[in-house]
Amino acid sequence: MQPLSEVLNFAADAPALPKDFSEEVYEMSRGITCPEKAKLVFEKLTPILQGFRADHDIAIACGLLLEKQRNEKGMRDIWGDLCNLYPDDLTSLRMLMRWYRREQNVAAGIALIAEMFPECWHSLTQANKAIPALAELKAWTEIDEIMSCLLVLHSNDRPIRMTYIKLLNEQSRFAEAAKLAEHVQGKSSMGKASQDLLGSVSRHAKTLSKNNLASANDGIFDLIAKADAPRAFTKCENVVFFTGQLGTGGAERQMTRIACAYQDRYDAGQPLGIAPKVWVKHATASSGADFYRPLLAKTGVETTVLSEMPEVPVVALEGLSDDVKELLELLAPDVLRHTCQLYSMFREDQTDVAYLWQDGGIVQSAIAAVLAGVPRIVTSFRGLPPNLRPNLYRDELPVLYAALARLPHVTFTANSQKAATAYEHWLSLDAGTVIVVPNATPAVLPEGDDTDHAFWSKVLDASEDCTKTVLGVFRFDQNKRPLEWIKAAARSIAYRDDTRFVMLGSGALHGECAALIEEFGLSNRVFLAGIRSKVGFYMHRADLLVHLAEMEGLPNVLIEAQLAGTPVLATPAGGTDEVVFDGVTGHILSAATTLPEAELDETLERLLADEDELAKLGAAAMTQSGDRFSVETILGRTTELFNTPRLDTK
């Protein structure tokens with residue numbers, strides 16, 4: 001991605017933009033949430049802006065528009081460029097630090113802040129820039145050190161004290177925040193929001209003291225302990241699936257598949273039939289978080305979106321003691337909001353089974369399910385635990401899971417043995433505590449719709465000399481390595497003239513992938529199909545599927561490929577070796593964290609050169625995948641878990 005300093009016109013002699021125009025563009029850029037709209041606006045603006053001298057508002061607006069396109073590669077450099085151009089701009093500085101954190105390079109971000117603001121420990125001017133930037137990094141220790149000096153040197157400065165109180169509140173460090181709040185001057189003249197903040201931290205600090213809690217997260221254990229016994233379980237009828245959203249991810253697809261399979265069997269009066277409900281935090285169309293909502297609606301699965309419902313205040317919750325309500329208020333704001341909504345919903349629904357998906361969904365829903373007395377609670381872990389994926393880690397999770405593990409009506413599941421073992425190690429649970437329920441995968445059919453046939457005809461026309469097809473099906477993000485996939489294809493094409501490469505999917509790196517294909521001059525050999533619902537159409541036409549993920553749960557696409565008789569070449573990410581039998585149904589590379597390019601190229605070339613080997617691998621893949629991952633098998637196993645309490649709690 002080009003730096004904005006090369007895209008925009010910063011020439012001193014270029015005509016200036018009208019101030020009203022640049023301010024309007026800046027405000028518009030802040031309000032846009034849809035990636036497609038951000039891309040469209042940026043593309044329309046760029047040629048116009050190149051004829052005028054860019055000012056601060058326009059430059060920052062363009063950075064925000066690029067950010068909202070969900071670009072990943074190069075964004076840290078974009079914001080670094082803008083920081084150099086406008087060193088006093090807090091937006092660019094905070095966004096730069098956000099990218100340091102996303103890239104798990106917090107130490108480098110902290111070092112840069114120290115270099116930029118060396119006097120921030122005593123200068124309020126520098127501190128007011130450094131502190132928000134460090135907060136983006138969640139560099140709480142560094143903030144504490146700076147504040148310990150500032151509060152002594154500037155003891156009467158109310159804004160800096162309020163800034164620190166707000167940050168301590170964000171970390172649920174209520175006792176420290178309340179102590180600082182005691183010395184805030186002029187409280188009566190402050191605005192309502194500030195007064196509410198001071199009142200809140202004081203109230204929460206008293207709750208911590210009253211319950212002898214060292215931290216707010218410790219209150220989760222007390223919440224679970226104070227819950228009434230679950231209702232008696234009589235039948236598996238009211239089943240609720242809960243997750244964060246309904247986007248295109250593998251977990252969302254799997255949850256939707258299971259819910260729809262239950263509904264189909266219920267409607268047909270077949271065994272294993274259940275009419276489940278699906279509840280999600282949000283299903284925002286602009287972000288693609290509603291992708292599976294139409295399928296759920298078509299199948300008849302009742303779906304409820306919490307963001308479309310009114311919030312429920314703690315004081316309105318029925319059936320809870322005042323002590324429990326006080327502990328609830330210690331929860332992080334997002335957890336509290338959804339816990340209150342879900343508690344009321346579980347209680348009104350008289351839910352028999354709460355099937356809670358993914359760590360983010362579990363932290364938002366498990367406390368509510370326990371407090372509401374749901375008789376069976378089943379969690380579904382997808383992929384490795386958050387201690388191994390820092391970007392997904394929340395301080396609440398280990399406390400919550402430790403509390404849930406003590407309850408016999410709560411069952412932990414994961415979709416691969418690797419994930420199950422990793423969670424057990426993290427949480428110090430006995431082996432076998434986390435039960436493995438693999439992904440359910442229906443028959444992968446070769447039929448496509450009119451758009452699939454039309455696209456494939458164009459592919460064949462453009463690559464008419466090719467006799468083999470290599471397929472990739474994945475989300476276009478850094479974990480799935482789509483750019484490395486294209487580079488591997490380019491290296492293969494340099495040696496072979498009989499193979500085309502087709503990529504299904506979309507995501508943040510889609511634009512960069514398209515640009516890289518164009519840069520390599522391979523638009524007649526590497527094809528982007530976008531998101532396709534009839535994946536089997538492409539799998540049945542492929543000779544090999546290549547999957548280069550760095551991290552995985554149980555990679556569903558590898559199951560689907562093998563059911564279609566398509567062998568795979570994959571990294572050993574997550575549960576890949578639980579799906580692919582190396583040398584029998586495909587080949588697994590030696591490493592996932594670092595991509596072994598030479599090994600990848602050699603294995604890809606060897607397979608493409610041996611049609612008999614590809615055919616043998618494909619036949620074995622189809623034979624050995626069927627029953628293990630059939631929808632019927634997984635539904636039966638899941639229903640058994642719904643009906644069986646865990647007996648190993650101590």
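- Shown here are the ring pair (Phe, Tyr, Trp, His ring centres under 6.0 Å) partners of F476, two or more places apart in sequence or in another chain: F474, H510.
- Using a 4.0 Å cut-off between charged nitrogen and carboxylate oxygen, D359 and R394 do not count as a salt-bridge pair.
- A cation-pi arrangement is not found for R257 relative to Y292, the charged atom failing to lie both closer than 6.0 Å to the ring centre and inside a 45° cone about the ring normal.
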Stepwise side-chain hydrogen bond (donor to acceptor under 3.5 Å, both in side chains) test for S22 and D55: CA-CA 8 Å; S22 57; D55 59 18; 2.9 Å; yes
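- For the pair E512 and K487, the salt-bridge criterion is not met [side-chain N within less than 4.0 Å of a carboxylate O].
- Under the rule for a side chain to side chain contact (heavy atoms under 4.5 Å, CB included), the partners of E27 that lie at least two apart in sequence or sit in another chain are R30.
- Residues that satisfy the ring pair (Phe, Tyr, Trp, His ring centres under 6.0 Å) test with H122, not counting sequence neighbours, are absent from this structure.
- Annotation: side chain to side chain donor-acceptor pair (under 3.5 Å) contacts of D57 (sequence neighbours excluded): none.
- Partners of K129 under the salt bridge (charged side-chain N to carboxylate O under 4.0 Å, His left out) rule, at least two apart in sequence or in another chain, are D88.
- Between E605 and D601 there is no side-chain heavy-atom pair separated by less than 4.5 Å.
- Each of L600, I486, L604 was evaluated against R491; a single residue qualifies, L600, per the side-chain contact (heavy atoms from CB on, under 4.5 Å) test.
- Take R158 and apply the salt bridge (charged side-chain N to carboxylate O under 4.0 Å, His left out) test, not counting sequence neighbours, and it matches no residue.
- With sequence neighbours excluded, no residue satisfies ring pair (Phe, Tyr, Trp, His ring centres under 6.0 Å) with F10.
- Residues satisfying the side chain to side chain contact (heavy atoms under 4.5 Å, CB included) test with S148, not counting sequence neighbours, are none.
- By the ring pair (Phe, Tyr, Trp, His ring centres under 6.0 Å) test, H282 is found to be paired with no residue, residues two or more places apart in sequence or in another chain being considered.
- Cation-pi geometry between R481 and W485 is not met: the NZ or CZ atom fails to fall both under 6.0 Å from the ring centre and inside 45° of the normal.
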Test salt bridge (charged side-chain N to carboxylate O under 4.0 Å, His left out) applied to E464 and K458, step by step: CA-CA 10 Å; E464 58 183 351; K458 291 180 180 178; over 6 Å; no
Step-by-step side-chain hydrogen bond (donor to acceptor under 3.5 Å, both in side chains) determination, W357 to Q254: CA-CA 10 Å; W357 283 63; Q254 186 64 202; over 6 Å; no
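- For P132, the side chain to side chain contact (heavy atoms under 4.5 Å, CB included) test picks out R94, with sequence neighbours left out.
- Side chains of L49 and F42 form no contact here, defined as non-hydrogen atoms less than 4.5 Å apart.
- When the salt bridge (charged side-chain N to carboxylate O under 4.0 Å, His left out) test is applied to R76, the partners found at least two apart in sequence or on another chain are E103.
- Cation-pi contact between R541 and F537: present, with separation from the ring centre below 6.0 Å and deviation from the ring axis of at most 45°.
- Within the 4.5 Å cutoff, side-chain heavy atoms of V470 are placed close to those of L608.
- From L522, atom CG reaches atom CG of L516 across 8.5 Å, with rounding to the nearest 0.5 Å.
- Comment: E552 engages K480 in a salt bridge, judged by a side-chain N to carboxylate O separation of less than 4.0 angstrom.
- Listed by chain and residue number, D196 satisfy the salt bridge (charged side-chain N to carboxylate O under 4.0 Å, His left out) test with K192 (two or more places apart in sequence, or in another chain).
- Scanning both residues, L82 and G63, for their nearest heavy atoms gives CD1-CA, 4.2 Å.
- Taken to the nearest 0.5 Å, the CG atom of L93 stands 9.0 Å off from the CG atom of L134.
- Within 6.0 Å of NZ in K39 there are 12 or fewer heavy atoms belonging to other residues, nucleotides or ligands.
- From T571, atom OG1 reaches atom CD of E550 across 9.0 Å, with rounding to the nearest 0.5 Å.
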